Engineer: 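Below are the structure tokens for one structure; questions will follow.
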Amino acid sequence: MTGSSKYTVRNQDTGKEFQLESRPGTVGPDVVDIRNLFTGQGLFTYDPGFGSTAGCESKITYIDGDAGVLMYRGYPVEQLAGHSSFIEVAYLLLYGELPNKAQLAEFDRTIRMHTMLNESVLRFFDGFHYDAHPMAMVAGVVGSMAAFYHDTTNIADARHRDIFAHRIIAKIPTIAAAAYKHSLGQPFIYPRNDLNYCSNLLHMFYAVPAERYDVDPLAAEALDLLFILHADHEQNCSTSTVRLAGSSGANPYSAISAGIAALWGPAHGGANEAVLDMLEEIGDVKHIPKYLARAKDKNDSFRLMGFGHRVYKNYDPRASIIRETCHKVLTRMGGNQPLFELALRLEEIALKDEYFVEKKLYPNVDFYSGIIYRALGIPKSMFTVMFAIARTVGWCAHWREMITDPDGRIGRPRQLYTGATRRDYVAIEKRG
Ligand code: CMC
């Protein structure tokens with residue numbers, strides 16, 4: 001950590017000067033504190049897409065996009081992926097430290113105790129068409145939860161905030177499974193608290209009342225790994241949405257629902273579904289050059305899905321781990337090997353292409369995750385839901401941090417107005 005620095009800003013036209021001060025983080029770039037820029041100088045800053053703006057102070061996740069580093073609470077994601085579990089990572093993200101054995105056992109027990117849904121919530125699914133996108137169902141049902149769980153909506157009460165986090169982390173797999181079963185027209189399968197988080201999820205997805213279903217431990221293990229990698233990613237679009245929606249004092253279920261809605265976009269979590277569509281459309285290695293040419297063509301809206309990232313200008317560390325897991329899962333479970341081979345070739349060819357090299361476009365987390373989901377038997381329309389289940393942990397951690405931040409205020413960005421200046425109303429008969 002370096003100390004703060006002072007910057008002098010000078011208006012070249014008027015000669016007027018003012019000072020700004022930077023604040024250091026523990027690691028990563030300093031931030032220039034501009035909180036008093038408008039009250040002091042009558043100026044706003046302009047940063048569409050927030051590429052240079054720190055919207056908050058956070059202690060949860062750190063990314064170095066140039067070095068391809070991702071750390072949760074200081075722990076490199078590779079170490080967590082190699083040694084931890086999703087439930088342990090959830091504890092770490094929420095509470096800041098790795099749990100001891102007793103803390104982990106208690107946290108795990110608490111999450112298992114909250115997996116069931118109020119039966120009235122379950123009946124919501126009957127109101128959706130069989131072909132409703134699961135993300136629409138999940139966002140809607142999560143948004144309605146404040147109507148059922150009033151005892152966790154007093155955001156000023158630390159106990160309420162804790163129960164809320166446990167409840168939503170425990171129930172989001174149940175909601176996802178209900179959406180999936182609804183789309184299949186199959187009966188809902190109740191959660192089983194004797195199973196761990198990912199085994200329970202797979203059981204709710206694939207079991208039917210007519211016969212016994214045993215979860216494949218490798219499938220549960222692969223899912224647990226994917227969930228660790230997706231659990232948090234600092235101030236991404238959906239997390240910033242959760243923070244912004246929550247900053248008004250809205251109940252936390254609504255804030256999470258807003259995050260789910262933001263995640264659905266193809267530039268964000270919806271990319272995993274779009275990658276599979278794209279690979280299926282490319283179909284064969286011989287068509288790769290045609291699609292790369294389209295991705296590079298400014299007049300074509302086609303982009304190489306699963307490539308590029310706002311922060312990573314190097315290989316996304318999550319993508320390397322997922323690529324390795326693809327090998328393991330496909331070898332063992334016999335998934336769509338040709339699709340994986342096509343993805344590997346696409347990556348290889350793109351990474352030698354001047355356009356992708358120059359723009360530092362590397363595979364991101366979504367490039368390979370869909371191939372594993374496909375091997376686990378999860379349909380494309382559920383891919384982004386799987387992402388949402390894992391990211392719920394990160395959303396909760398950020399929402400809790402935002403609510404207790406002494407500097408916290410309602411999020412309310414300003415704008416550069418370029419519309420019409422004042423003009424008078426013209427009666428309709430006098431308009432041209
Ligand atoms: N294919 C072709 N060109 C690309 C791609 C791509 N996938 N991504 C970026 N570019 C080009 C883009 O056209 C632009 O070129 P130029 O400077 O000539 O205008 C340049 O690279 C910079 O792109 P940008 O859109 O300004 O970058 P951004 O930081 O605003 O967008 C992104 C980041 C992830 C939205 C973008 O790379 C993209 O659309 N990728 C495909 C969708 C995707 O895989 N999204 C998942 C992101 S990771 C998981 C998550 O966030 O949930």
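This chain uses plain numbering: 1 for the first residue, then up along the sequence. Whatever order the structure lists ligands and atoms in, that order sets their numbers, starting from 1. Fair warning: this is a prediction, and the values are worked out from it, not measured in the lab.
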Engineer: Scan the side chains in residues 254-266 for donor-acceptor partners under 3.5 Å anywhere in the protein, sequence neighbours excluded, and list what turns up.
Structural biologist:
| unit_1 | atom_1 | unit_2 | atom_2 | d |
| --- | --- | --- | --- | --- |
| Ser254 | OG | Asn251 | OD1 | 3.2 |
| Ser254 | OG | Asn251 | ND2 | 2.8 |
| Ser257 | OG | Ala139 | O | 2.8 |

Engineer: Quick check for students: name every N or O atom pair between ligand 1 and the protein closer than 3.5 Å, with distances.
Structural biologist:
| unit_1 | atom_1 | unit_2 | atom_2 | d |
| --- | --- | --- | --- | --- |
| ligand 1 | 1 (N) | Leu304 | N | 3.1 |
| ligand 1 | 3 (N) | Tyr355 | OH | 2.9 |
| ligand 1 | 7 (N) | Leu304 | O | 2.7 |
| ligand 1 | 7 (N) | Phe307 | O | 3.0 |
| ligand 1 | 13 (O) | Arg303 | NH2 | 3.2 |
| ligand 1 | 18 (O) | Lys298 | NZ | 3.0 |
| ligand 1 | 18 (O) | Lys359 | NZ | 2.8 |
| ligand 1 | 25 (O) | Arg303 | NH1 | 3.0 |
| ligand 1 | 25 (O) | Arg303 | NH2 | 3.0 |
| ligand 1 | 29 (O) | Arg310 | NE | 2.7 |
| ligand 1 | 30 (O) | Arg310 | NH2 | 3.0 |
| ligand 1 | 39 (O) | Arg303 | NH1 | 2.8 |
| ligand 1 | 40 (N) | Phe307 | O | 2.9 |
| ligand 1 | 44 (O) | Gly306 | N | 2.8 |
| ligand 1 | 44 (O) | Asn364 | ND2 | 2.9 |
| ligand 1 | 45 (N) | Ala267 | O | 3.0 |
| ligand 1 | 51 (O) | His268 | ND1 | 3.1 |
| ligand 1 | 52 (O) | His268 | O | 3.3 |
| ligand 1 | 52 (O) | His268 | ND1 | 2.6 |
| ligand 1 | 52 (O) | Gly269 | N | 3.4 |

Engineer: When the ring centroid of Phe107 is compared with that of His166, is the distance short of 6.0 Å?
Structural biologist: yes
Engineer: Would you check, one step at a time, whether the test side chain to side chain contact (heavy atoms under 4.5 Å, CB included) holds for Leu201 with Met386?
Structural biologist: CA-CA 10 Å; Leu201 175 61; Met386 305 308 280; 3.8 Å; yes
Engineer: Please report the C-alpha distance between Tyr291 and Phe302 in whole Å, then the side-chain angles of each, then the deciding distance to 0.1 Å, and finally whether the ring pair (Phe, Tyr, Trp, His ring centres under 6.0 Å) criterion is met.
Structural biologist: CA-CA 8 Å; Tyr291 282 89; Phe302 176 80; 5.6 Å; yes
Engineer: What about Tyr362 and Phe367, are their ring centers closer than 6.0 Å?
Structural biologist: no
Engineer: Only one of Tyr62, Tyr312, Tyr72 passes ring pair (Phe, Tyr, Trp, His ring centres under 6.0 Å) with His233; say which it is.
Structural biologist: Tyr312
